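These notes are about the structure you will find just below.
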Amino acid sequence: AQGYTADAFHPYYISSWNRESVYNLMGFQRFTTIEDMVDQHILDRYKASGYSYKLFKQMLEDRYPDRNMLLRRYVSDEYDFQTVEQMFEDRDQSKPFFLFNVTMQSHSSYSTQYDNFDQQVWLTSTKKEYPKTDQYLSLVKKTDEAFEDLIGYFSAVEEPTIILMFGDHQPFIEDSFYAEVMGKPITQLDDETQQRRYITRFVLWANYDIPEGWVEEISINYLSTLLMQVAGLEMPDYNRYLATLYPDIPVITALGCRDSSGNFFQADEATDWKDLIRDYRSVAYNNLADAAHRRDSLFYLDETA
């Protein structure tokens with residue numbers, strides 16, 4: 001409604017998590033996947049081989065000798081971010097550019113060694129060795145280096161640009177590592193401690209001056225609102241509603257909620273926030289599931305205005 005392109009990019013299969021259908025329902029106008037990057041014959045042979053990494057790597061090297069696409073058996077974040085830069089270069093310059101990019105480099109599993117992956121991180125202060133965690137942390141280091149290059153590229157771009165990078169979940173590594181870090185087996189953690197186990201970080205950066213600061217706590221349902229506030233965009237009533245809810249209840253998750261004083265509570269507890277949580281549940285249900293009675297005007301701007 002504010003004139004942006006609506007692009008999505010995920011360097012894996014279009015069928016993964018039914019993204020082909022879901023992204024269309026979310027309103028994305030173009031969805032770029034690994035099928036747009038690699039010859040379909042190569043992908044078919046890769047699947048037919050039972051996902052043989054060595055075969056996949058060799059076919060890519062033979063077909064695309066000028067590309068260095070893989071880290072382990074997934075598209076690297078370095079190549080992913082270079083693709084993002086190219087998509088920006090090729091954008092429709094009559095419109096502001098919006099891209100939602102889900103990376104693939106650091107996906108599990110972390111138990112196999114690869115000849116194209118130079119591990120550089122090992123834990124040294126834990127009670128035992130955690131090879132899966134070591135591999136994951138080494139991948140994070142590679143992401144950090146690639147992200148530095150991405151920031152460097154957009155630092156030199158004249159068009160005002162915001163990058164919001166966030167993690168969507170914690171890695172599937174050794175339960176024993178989590179047990180050592182958390183102090184007890186994960187099966188014995190209460191909901192409040194489990195909630196802390198699921199924390200991921202985010203960074204919001206711009207190539208122009210924006211307010212600097214640290215967000216102590218925020219659940220992901222508020223993140224798009226924060227992005228729109230920083231970007232100075234007009235917001236639908238739903239996001240304006242979330243902006244008023246956040247100061248009181250900055251964390252709302254399936255495991256529980258946290259108020260502005262840091263108190264943890266369950267959504268159905270008899271707290272001072274019960275009515276606010278009830279209202280939020282109703283609005284979220286109307287947005288996600290109540291198709292027959294959905295109030296689109298709450299969630300979308302008027303495109304004809």
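Owing to the predicted nature of the structure, the values given are computational and were not obtained by experimental measurement.
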**Q.** Option among S16, S15, S21 that satisfies the side chain to side chain contact (heavy atoms under 4.5 Å, CB included) test with N18
**A.** S21
Q: For atom CD of E129, decide whether the heavy atoms of other residues, nucleotides or ligands shown that lie under 6.0 angstrom number more than 12.
A: no
Q: Please work out which of the three classes, parallel, tilted or perpendicular, describes the rings of F97 and F88, given edges at 30° and 60°.
A: perpendicular
Q: Mind telling me whether F28 and F100 have parallel, tilted or perpendicular rings, with 30° and 60° as the class edges?
A: parallel
Q: Kindly indicate, with the supporting measurements, whether the criterion side chain to side chain donor-acceptor pair (under 3.5 Å) is fulfilled by D44 and Q40.
A: CA-CA 6 Å; D44 291 341; Q40 188 63 49; 2.9 Å; yes
Q) Run the side chain to side chain donor-acceptor pair (under 3.5 Å) check on Y110 and D134 step by step: do they pass? A) CA-CA 9 Å; Y110 311 108; D134 288 339; over 6 Å; no
Q.
Applying the side chain to side chain contact (heavy atoms under 4.5 Å, CB included) criterion to H10, which one of I34, V102, D80, T103 satisfies it?
A. V102
**Q.** Short N-O contact, K141 and D144, less than 4.0 angstrom
**A.** no
Q. Has the side chain of Q194 got a donor or acceptor atom that lies under 3.5 Å from a matching backbone atom of I186?
A. yes
Q) Quick one: do the T193 and D190 side chains pair a donor with an acceptor below 3.5 Å? A) yes
Q) So, does T5 use its side chain to make a donor-acceptor pair with the main chain of D7 at under 3.5 Å? A) no
Q: Would you check if the side chain of S261 reaches a backbone N or O of N263 as a donor-acceptor pair within less than 3.5 Å?
A: no
Q: Please name the residue in the list K57, M104, Q135, Q113 that meets the side chain to side chain contact (heavy atoms under 4.5 Å, CB included) test with R72.
A: Q135
Q.
For the backbone of E159 and the side chain of T161, can you confirm whether one donor and one acceptor N or O come within less than 3.5 Å of each other?
A. yes
Q.
N24 vs E20, test: side chain to side chain donor-acceptor pair (under 3.5 Å). Steps then yes/no.
A. CA-CA 7 Å; N24 181 61; E20 183 175 18; over 6 Å; no
Q. Donor-acceptor pair, N287 side chain versus F299 backbone, under 3.5 Å?
A. no
(Q) Please check: side-chain N/O of Q105 versus main-chain N/O of D77, any donor-acceptor pairing under 3.5 Å? (A) yes
Q. So do the side chains of H293 and R295 get within less than 4.5 Å of each other, counting heavy atoms only?
A. no
(Q) Tell me every residue that passes side-chain hydrogen bond (donor to acceptor under 3.5 Å, both in side chains) with S297, counting only those two or more places apart in sequence or in another chain. (A) none
Q. Do any pairs count as a salt bridge (charged side-chain N to carboxylate O under 4.0 Å, His left out) and have a residue in residues 170-189, sequence neighbours left out, and if so which ones?
A. none
Q: Answer with yes or no whether the side chains of Y53 and N116 bring together a donor and an acceptor at under 3.5 Å.
A: yes
**Q.** Which atom of Y130 lies closest to which atom of S176, heavy atoms considered
**A.** CE2-OG, 3.3 Å
Q) Does the cation-pi check pass for R197 over Y178, that is, NZ or CZ under 6.0 Å from the six-membered ring centre and within 45° of its axis? A) yes
Q | Non-neighbouring partners of I162 that pass side chain to side chain contact (heavy atoms under 4.5 Å, CB included), sequence neighbours left out | A | L204, A206, Y208, L227, V230, A231
(Q) Counting the benzene-type ring for Trp, do Y4 and F98 have ring centres under 6.0 Å apart? (A) no
Q. Do NZ/NE/NH1/NH2 and the carboxylate oxygens of E217 and R258 come within less than 4.0 Å?
A. yes
Q: Measure from NZ or CZ of K47 to the centre of the six-membered ring of Y13 and say whether it is under 6.0 Å with the direction within 45° of the ring axis.
A: yes
Q. If you measure only the distance, is there a donor-acceptor pair under 3.5 Å linking the side chains of D191 and Q195?
A. no
Q | Side-chain donor-acceptor contact under 3.5 Å, W273 with D248 | A | no
Q | 4.5 Å side-chain heavy-atom contact, W205 and S155 | A | yes
Q.
Parallel, tilted or perpendicular, judged at 30° and 60°: which one describes the rings of Y238 and Y241?
A. tilted
Q.
Has T200 got a side-chain atom pairing as donor or acceptor with G167's backbone, closer than 3.5 angstrom?
A. yes
